[in-house]
Amino acid sequence: MKYVTPYQYAKLCGVSSQAIYSRISKGLVEKVQIPDPTGSLKDYIDIEKYPPERIRKEKK
């Protein structure tokens, strides 16, 4: 498994970090929390499970 931060994931997808947090809240992407060396939890996204892609909004 390879993990990246939501900010790094946004860069890979070519979208804003806000768009990634929107995907997380909609359930399109799951985040995992992993402790960093200081012991605080940090959010990461598994890019093997969720390969980076640009999701376009459908026009109505």
Side-chain angles (χ1 to χ4, degrees):
M1 288 185 248
K2 178 162 174 147
Y3 295 104
V4 295
T5 64
Y7 175 79
Q8 293 167 327
Y9 189 73
K11 291 289 186 186
L12 293 170
C13 292
V15 297
S16 68
S17 56
Q18 185 59 40
I20 298 306
Y21 285 107
S22 176
R23 291 181 192 182
I24 292 169
S25 68
K26 290 178 184 176
L28 299 174
V29 175
E30 286 182 25
K31 66 179 179 177
V32 295
Q33 292 187 321
I34 301 172
D36 67 5
T38 65
S40 62
L41 293 176
K42 191 166 183 181
D43 294 337
Y44 290 95
I45 297 170
D46 181 357
I47 61 172
E48 290 177 358
K49 188 174 181 182
Y50 300 100
E53 63 181 332
R54 181 176 218 141
I55 298 176
R56 296 177 186 248
K57 293 182 179 179
E58 292 183 23
K59 293 184 179 178
K60 292 182 181 182

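What's counted below: heavy atoms across the whole structure, side chains too, no hydrogens, waters or symmetry copies. Values in this document were obtained by computation on a predicted structure and should not be read as measured data.
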Derivation and outcome, side chain to side chain contact (heavy atoms under 4.5 Å, CB included), residues Val15 and Arg23: CA-CA 11 Å; Val15 297; Arg23 291 181 192 182; 4.0 Å; yes

Euclidean distance, Ile20 CD1 relative to Lys31 NZ, rounded to 0.5 Å: 13.0 Å

Minimum heavy-atom distance between Ile45 and Pro6, given as atom pair plus value: CD1-CA, 4.0 Å

Approximate separation, where rounding is to 0.5 Å, of Tyr3 OH and Gln8 CD: 14.0 Å

Nearest-0.5 Å distance that lies between atom OH in Tyr21 and atom CG in Asp43: 5.5 Å

Closest non-hydrogen atom pair between Lys49 and Glu30, with its separation: NZ-OE1, 3.8 Å

Asp36 bridged to Lys42 by N-O distance under 4.0 Å: no

Spacing of Met1 atom CE and Glu48 atom CD [to the nearest 0.5 Å]: 8.0 Å

Common cluster, Tyr50/Tyr44, ILVMFWY with side-chain heavy-atom separation under 4.5 Å: no

